[in-house]
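To start, the structure itself, in structure tokens.
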Amino acid sequence: MKIKAFLFLLFISSGLMAEWVPFSPEGIKSNCIAFYVDNLNHWAVGADEIHLYNLNQQTWNSYFSLLPVKDISYMDGDNILFIMSAGPWCMEDGIHYLYMETGTVYALKYAPVPHFIEYSQQESLYYVGYMNGLLFSSDFTNWSDHSAFMNMEIVDMDIWEDHYVISRLDSIYSIYRSPNAGSSWEISSGAPMISDLEFDNNGKLYGVFPDNSWSSGLWSSNDFGETWNVEFWATGIKCVGTDFMGNVFVGFGEDALPPYEGIARWDSANQQLHFMNEGLPNLNINQITYNPGMSAPAIFCCTDTGVYINYTYIDIEEVTAPSAPPQLWPNPALDQLHIRHGLDGNVQISIYSGAGKLVETFSNSGMPEELNYNCSHLIQGIYFIMLDNGRERKNIKWIKL
């Protein structure tokens with residue numbers, strides 16, 4: 001209770017700045033932030049070193065880690081669990097811990113290209129996904145490969161109560177789900193490629209379809225990963241995060257193109273992205289998260305120049321992109337669909353099924369801003385239309401009768 005009261009006063013007292021402000025030591029390439037990683041309530045940032053924040057003194061200490069730190073977790077109260085990676089042929093890749101009494105780092109398990117640490121309260125197990133599978137342990141010393149995921153690159157995992165969801169991303173991409181805390185696993189048929197998974201506090205699952213394909217964007221599932229729908233299309237998305245109020249945020253990577261840069265809040269009700277980059281000197285977003293122990297609303301984002309905090313984002317006047325949402329009618333449609341998109345130039349139109357499969361694509365250069373589409377050849381169901389003129393991308397959900 002003392003910690004929560006202190007945090008409330010700390011962040012409200014600085015609440016006149018409606019922007020991101022530096023939180024970590026500046027200039028570090030921050031990959032992740034974790035809270036309460038030991039019995040002293042330290043917060044930890046993973047970068048080329050481990051940076052620990054002393055909550056009571058509001059000071060930082062740095063610890064040598066040899067390789068970039070990719071994820072950090074509470075271990076046993078006295079030591080801190082973390083993974084580090086430099087590449088598939090580096091023998092120092094894997095699971096390590098920081099011995100707090102001396103500040104020394106010790107190796108626990110070699111694992112090439114580890115991606116995450118996930119703790120299961122149901123099983124009292126720690127999971128680590130890596131290039132060749134999924135490791136688990138109950139005592140930190142003995143790590144075993146999960147037999148269901150041998151020789152698969154497991155890039156992310158998230159848990160909601162007894163529901164586990166795992167993403168595989170190598171030469172094959174798949175979503176695996178368990179409704180019984182890992183006792184059995186099923187493959188989700190037709191699931192998209194996902195590089196980052198995030199449950200919100202109501203059990204809705206979000207996933208990032210990465211890179212620069214026609215299916216790239218933010219996807220979601222209301223049935224714990226069994227079926228998926230597109231929230232919006234955009235290239236260059238790197239991560240997704242939520243806060244305790246159910247807000248959803250996406251972070252874009254270094255290869256993203258304007259105006260899809262930095263960090264944005266996704267407004268699903270109005271189908272809009274609200275960009276909120278004021279105060280961020282670097283727009284390569286590596287992680288978005290919030291601290292559940294704080295009594296004041298705040299989100300953190302990790303960038304290539306440090307960790308930044310925004311605790312007045314609820315009141316920020318946000319910049320919205322795209323500027324005007326597209327319109328279509330009738331919806332549902334039987335044979336003719338009219339689309340007013342407001343884009344100029346050569347517009348590429350792509351029709352996707354509800355499962356994200358590309359059905360049809362064509363260009364519209366002779367009738368600027370509006371077009372008619374004959375949809376009589378399509379079967380009944382939910383579809384998405386994506387419109388792209390090379391500078392701006394818009395998408396619409398519609399129903400075929």
Side-chain angles (χ1 to χ4, degrees), residues 31-42 44 46 49-50 52 63-170 174-187 197:
N31 300 310
C32 62
I33 182 170
F35 307 101
Y36 314 116
V37 293
D38 61 7
N39 287 341
L40 298 177
N41 294 322
H42 279 111
E49 298 177 311
I50 298 176
L52 291 186
Y63 298 85
F64 178 71
S65 62
L66 187 63
L67 301 177
V69 175
K70 300 300 183 181
D71 205 358
I72 305 175
S73 175
Y74 182 94
M75 184 172 171
D76 56 9
D78 298 320
N79 306 289
I80 298 173
L81 187 69
F82 69 97
I83 56 174
M84 63 183 186
S85 173
W89 311 116
C90 181
M91 296 307 296
E92 301 297 333
D93 272 20
I95 308 169
H96 299 71
Y97 73 94
L98 176 65
Y99 182 46
M100 288 298 297
E101 186 172 334
T102 62
T104 307
V105 169
Y106 293 95
L108 290 170
K109 175 72 174 179
Y110 168 68
V113 193
H115 295 289
F116 65 86
I117 304 172
E118 185 73 25
Y119 178 67
S120 166
Q121 292 183 334
Q122 295 86 340
E123 301 175 282
S124 298
L125 290 180
Y126 283 85
Y127 289 95
V128 171
Y130 74 113
M131 190 177 76
N132 295 329
L134 183 69
L135 293 165
F136 65 93
S137 176
S138 60
D139 60 7
F140 311 110
T141 301
N142 301 296
W143 291 85
S144 302
D145 274 293
H146 198 299
S147 60
F149 304 102
M150 298 290 287
N151 300 315
M152 303 178 186
E153 185 160 12
I154 304 303
V155 298
D156 205 8
M157 176 180 185
D158 208 4
I159 295 173
W160 171 263
E161 298 179 345
D162 289 337
H163 295 273
Y164 295 7
V165 182
I166 282 175
S167 178
R168 173 190 181 182
L169 187 55
D170 43 58
S174 302
I175 295 293
Y176 296 82
R177 53 190 174 81
S178 172
N180 46 28
S183 296
S184 62
W185 293 89
E186 299 175 354
I187 300 178
L197 291 164

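Worth saying up front: this structure is predicted, and the values here are computed from it rather than measured.
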Tell me yes or no: between the side chains of [X] and [Y], is some donor less than 3.5 Å from an acceptor?
X: Tyr126; Y: Asp139; value: no
X: Tyr97; Y: Asp78; value: no
X: Tyr164; Y: Ser120; value: yes

Atom of [X], atom of [Y] and distance for their closest heavy-atom approach:
X: Lys70; Y: Cys32; value: O-SG, 3.6 Å
X: Ser73; Y: Ile117; value: CB-CG2, 3.8 Å
X: Ile80; Y: Met100; value: CD1-SD, 3.6 Å
X: Trp185; Y: Gly182; value: NE1-O, 3.4 Å
X: Pro112; Y: Pro88; value: CB-O, 3.8 Å
X: Ile72; Y: Ala34; value: O-CB, 3.6 Å

Would you check if [X] and [Y] make a side-chain contact, meaning some heavy-atom pair closer than 4.5 Å?
X: Tyr176; Y: Phe149; value: yes
X: Leu81; Y: Leu108; value: yes
X: Leu135; Y: Asp145; value: yes
X: Tyr36; Y: Asn41; value: yes
X: Thr104; Y: Tyr106; value: yes
X: Ile154; Y: Phe116; value: yes
X: Val105; Y: Leu66; value: no

Just verifying a value: how many Å separate [X] [atom1] and [Y] [atom2], rounded to the nearest 0.5 Å?
X: Ile166; Y: Arg177; atom1: CD1; atom2: CZ; answer: 13.0 Å
X: Lys109; Y: Ser137; atom1: NZ; atom2: OG; answer: 10.0 Å
X: Trp143; Y: Ile95; atom1: CH2; atom2: CD1; answer: 4.0 Å

Next on the checklist: Going by the rule side-chain contact (heavy atoms from CB on, under 4.5 Å), which residues pair with Phe136 if we only count those two or more places apart in sequence or in a different chain?
Outcome noted: Leu125, Tyr127, Ser144, His146
Next on the checklist: Please check: side-chain N/O of Asn31 versus main-chain N/O of Val69, any donor-acceptor pairing under 3.5 Å?
Outcome noted: yes
Checklist entry - Can you list every pair that meets salt bridge (charged side-chain N to carboxylate O under 4.0 Å, His left out) and has a residue in residues 111-127, with sequence neighbours left out? => result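 Counting only pairs at least two positions apart or across chains, no salt bridge (charged side-chain N to carboxylate O under 4.0 Å, His left out) contact touches residues 111-127.
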Checklist entry - Of Asn79, Val37, Leu52, which is the lone residue that meets side-chain contact (heavy atoms from CB on, under 4.5 Å) with Leu98? => result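 Running side-chain contact (heavy atoms from CB on, under 4.5 Å) over Asn79, Val37, Leu52 with Leu98 returns exactly one hit, Leu52.
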Checklist entry - Which residues pass the side chain to side chain donor-acceptor pair (under 3.5 Å) test with Asn180, sequence neighbours left out? => result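 Checked Asn180 against side chain to side chain donor-acceptor pair (under 3.5 Å); matches are Ser178, Ser184.
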Next on the checklist: Tell me every residue that passes side chain to side chain donor-acceptor pair (under 3.5 Å) with Ser65, counting only those two or more places apart in sequence or in another chain.
Outcome noted: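 Checked Ser65 against side chain to side chain donor-acceptor pair (under 3.5 Å); zero matches.
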Item to check | Residue pairs involving residues 87-96 (criterion side chain to side chain donor-acceptor pair (under 3.5 Å); sequence neighbours excluded) | outcome: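 Passing the test, one end in residues 87-96: Ser85-Asp93.
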Next on the checklist: Taking side chain to side chain donor-acceptor pair (under 3.5 Å) as the cut-off, I'd like each qualifying pair that reaches into residues 151-160, sequence neighbours left out, listed once.
Outcome noted: His115-Glu153
